[in-house]
Amino acid sequence: MIIELRLIRHALALGKHGNFARAAEALHLTQPSLSRSIAALEQALDVPLFDRAPRGVTPTPFGRVLLELGEGLLSREAELRREIRLLAGLEAGSLAIGAGPYASEISVATAIARVLKAHPRLKIRCATADPAEVVHDVLAERIDVGIAEISGADDDKRLIVETLPSHRIVLACRPGHPLATEIQPSLARVHAFPLVTTLLRGAAAAAATATRRGSVAASGGNSEDFIPPISVNSLALARLIARESDALFPGTVGMIADDLAAGFLAVVDFAAPVMRTNYGVIYLAGRTLAPSARVFIETLHMVEAEARQAEAQRPCNGFDSC
């Protein structure tokens with residue numbers, strides 16, 4: 001049995017005014033239309049709601065229950081409509097994001113900040129995780145949007161993948177490092193020093209495998225994960241380790257720009273063709289994205305384009321390989 005809220009609204013007006021004529025006037029209806037509404041509601045409930053008399057109407061016991069609970073129903077309907085309007089207008093709502101470590105530093109944090117500046121009432125939860133975990137969280141509907149290495153995910157029909165710009169990866173070291181002043185050191189020379197970073201996948205893993213010894217583990221699908229000799233879960237931690245040791249840190253020029261300017265890190269004059277990021281936006285296929293998710297994705301694309309342009313214009317310690 002489906003009861004229209006419109007009919008409940010009509011019954012509440014009749015209960016308030018106690019008279020069909022006055023209730024119809026308040027509802028901007030004709031009296032016959034209101035009479036049909038009350039009759040339809042009584043038929044749907046299969047009980048009499050009002051006793052009719054020449055001087056007006058009186059609620060029956062069934063009618064009193066309807067009047068007591070009906071106001072709450074209409075109030076909750078109004079609240080539901082308000083919440084939907086707020087969500088559609090990005091004045092409220094929430095957004096759950098999962099991002100790989102490199103994407104988090106390059107663009108995700110900036111995109112979140114811009115979205116919050118424009119829509120301060122949004123509630124956003126963002127977690128940094130390994131690429132495989134980000135994909136799993138999207139599939140399990142634990143997050144709305146993932147930003148991670150797309151190797152394997154781009155072949156999954158359950159997912160929509162929007163590719164983001166590729167960023168060049170360079171190797172950074174402390175200024176006093178043996179490789180800091182060498183011109184185009186050989187692969188064997190680079191292999192002599194440990195790599196410090198997070199778990200890598202796809203093109204980044206291929207680059208790491210080509211540039212140093214490490215362990216490779218199957219991660220499902222067509223992808224493999226590269227576990228560096230010094231494995232951390234934070235790129236900020238990796239940079240600090242590289243600043244104080246002979247470990248090499250793979251990152252974009254933008255990620256190490258402040259350390260380069262401050263003299264904490266230098267760029268190794270070494271490059272491999274596959275040393276580039278290959279991540280994108282990942283979300284479930286066949287699902288309508290919330291307005292907050294769509295705005296975040298659009299903002300992310302803009303931030304990524306800006307980051308790519310800034311990298312192209314930024315000098316890299318004078319080395320052409322950057």
Determine whether the side chains of [X] and [Y] contain a donor N or O and an acceptor N or O closer than 3.5 Å.
X	Y	answer
Ser186	Arg189	no
Tyr102	Thr252	no
Arg114	Thr299	no

Is there a side-chain contact between [X] and [Y] (heavy atoms, below 4.5 Å)?
X	Y	answer
Leu284	Leu139	yes
Glu25	His17	no
Arg9	Glu4	no
Tyr279	Val134	no

Cluster question for you: counting only ILVMFWY and a side-chain heavy-atom cut-off of under 4.5 Å, with indirect links fine, are [X] and [Y] together?
X	Y	result
Val145	Ile160	yes
Leu187	Leu179	yes
Val47	Leu14	yes
Val196	Leu237	yes

key: Side-chain donor/acceptor of Ser37 to backbone N/O of Ser33, under 3.5 Å   = yes
ask   = Just by distance, do the side chain of Arg125 and the backbone of Lys123 share a donor-acceptor pair under 3.5 Å?
value = no
Gap between atom [atom2] of [Y] and atom [atom1] of [X] - 0.5 Å precision:
X	Y	atom1	atom2	result
Ile230	Ser245	CD1	OG	5.5 Å
Ile97	Ile143	CD1	CD1	9.0 Å
Phe50	Thr58	CZ	OG1	9.5 Å

message = Which heavy atom of Ile112 sits nearest to which heavy atom of Phe296, and what is that distance?
response = CG1-CE1, 3.8 Å
Are more than 12 heavy atoms, taken from residues, nucleotides or ligands other than [X], located less than 6.0 Å from that residue's [atom1] atom?
X	atom1	answer
Asp51	CG	yes
Asn19	CG	yes
Arg158	CZ	no

key: Full working for ring pair (Phe, Tyr, Trp, His ring centres under 6.0 Å) between Phe193 and His177   = CA-CA 10 Å; Phe193 303 96; His177 194 284; 4.4 Å; yes
ask   = Could you go step by step and tell me if Phe62 and Leu45 meet the side chain to side chain contact (heavy atoms under 4.5 Å, CB included) rule?
value = CA-CA 9 Å; Phe62 305 109; Leu45 295 172; over 6 Å; no
request  = Give a yes or no on whether a salt bridge exists between Glu162 and Arg294, defined as a side-chain N under 4.0 angstrom from a carboxylate O.
outcome  = yes
Residue from His167, Glu304, Arg308, Glu306 passing side-chain hydrogen bond (donor to acceptor under 3.5 Å, both in side chains) with Ser107 = Glu304
